[in-house]
Amino acid sequence: MNKRKIIKGYKTLISSRFNVETSIDKFKDGIIYTLYSDQFNSLKVGFAENDKVLQKKLSSESLILLDMRKGNKRDLCLLKTTLKELGIKCSDNFYFKYSRSFMRHLSTLGWPVGRSLYKQRKIKKELACA
């Protein structure tokens, strides 16, 4: 005869440091934008609730609007996290030093950058017939 041993146990939940924010403000739709400062040769990425807020920012600071599109605050947080993982640091106000590689990163990540400072490289493949 086989003697089986029954082990009774309780499953435990392991707590993690994953922070889930359920803030309504993170999902509120608005405008994500990219601004350029000619004076400091820097870029500012950000979120505005509506057109009036964005116009107020443009008039109060000497910045040039490169591009904008619909988005939410979560997009801005994801961009900041992704850029941090790429080793690109920003200031508290989301200012970045302008560079072609930074513009390429923004474009690849789907952030609105416009066409005035960044022109996408078009790769054409040619097939040679032998």
Side-chain angles (χ1 to χ4, degrees):
M1 297 222 174
N2 285 339
K3 290 185 179 181
R4 293 188 180 180
K5 204 176 203 181
I6 298 175
I7 300 173
K8 291 183 180 180
Y10 298 100
K11 293 186 178 185
T12 58
L13 293 175
I14 300 171
S15 64
S16 68
R17 294 183 180 211
F18 183 70
N19 237 355
V20 179
E21 293 186 25
T22 57
S23 174
I24 300 279
D25 291 340
K26 277 218 170 200
F27 304 109
K28 188 176 180 182
D29 285 334
I31 300 169
I32 54 175
Y33 58 83
T34 305
L35 304 174
Y36 175 71
S37 171
D38 195 25
Q39 181 181 9
F40 300 110
N41 195 29
S42 64
L43 295 167
K44 180 178 182 177
V45 296
F47 172 81
E49 290 80 18
N50 54 39
D51 291 335
K52 291 178 185 177
V53 174
L54 183 57
Q55 286 297 329
K56 187 176 179 182
K57 285 183 184 185
L58 286 171
S59 64
S60 67
E61 302 172 28
S62 60
L63 298 171
I64 302 165
L65 178 66
L66 294 180
D67 201 4
M68 65 180 183
R69 71 170 170 85
K70 288 184 180 180
N72 53 39
K73 280 189 178 180
R74 183 178 58 188
D75 295 336
L76 182 61
C77 292
L78 287 172
L79 177 74
K80 183 180 177 184
T81 304
T82 305
L83 291 174
K84 188 177 180 182
E85 289 177 2
L86 290 172
I88 300 170
K89 295 178 183 176
C90 73
S91 69
D92 294 335
N93 295 331
F94 297 105
Y95 278 100
F96 297 90
K97 189 73 178 162
Y98 171 79
S99 70
R100 287 188 185 267
S101 63
F102 178 66
M103 291 294 281
R104 188 172 43 242
H105 285 309
L106 287 178
S107 178
T108 302
L109 294 170
W111 196 260
V113 292
R115 295 181 186 265
S116 59
L117 292 178
Y118 178 70
K119 294 180 174 64
Q120 276 187 320
R121 199 172 19 155
K122 293 184 180 177
I123 300 172
K124 294 181 182 178
K125 292 184 179 181
E126 294 182 17
L127 299 173
C129 298

Do any side-chain atoms of residues 58-71 form donor-acceptor pairs under 3.5 angstrom with protein atoms, and if so which ones, sequence neighbours left out?
| residue | atom | partner | partner atom | Å |
| --- | --- | --- | --- | --- |
| S59 | OG | Q55 | O | 3.2 |
| S59 | OG | K56 | O | 3.0 |
| S60 | OG | K56 | O | 3.2 |
| S60 | OG | K57 | O | 3.2 |
| E61 | OE1 | Y95 | OH | 2.9 |
| D67 | OD2 | G114 | N | 3.4 |
| R69 | NE | G110 | O | 3.4 |
| R69 | NH2 | G110 | O | 3.1 |

Exercise. Between the side chain of S107 and the main-chain N/O of M103, is any donor-acceptor distance below 3.5 Å?
Worked result: no
Tabulate below the donor-acceptor pairs under 3.5 Å that side-chain atoms of residues 80-90 make, not counting sequence neighbours, or state none.
| residue | atom | partner | partner atom | Å |
| --- | --- | --- | --- | --- |
| T81 | OG1 | C77 | O | 2.9 |
| T82 | OG1 | L78 | O | 2.8 |

Exercise. Rounded to the nearest 0.5 Å, how far does CH2 of W111 lie from CD1 of I32?
Worked result: 4.0 Å
Exercise. Taking only residues two or more places apart in sequence or in another chain, which ones pass ring pair (Phe, Tyr, Trp, His ring centres under 6.0 Å) with F94?
Worked result: none
Seminar exercise, completed: When rounded to the nearest 0.5 Å, the distance separating CD1 of I31 from CG of L54 is 5.5 Å
Please report, to 0.1 Å, the donor-acceptor pairs under 3.5 Å made by any side chain of residues 39-53, with sequence neighbours excluded.
| residue | atom | partner | partner atom | Å |
| --- | --- | --- | --- | --- |
| N41 | OD1 | Y36 | OH | 2.9 |
| N50 | OD1 | K52 | N | 3.2 |
| N50 | OD1 | V53 | N | 3.0 |

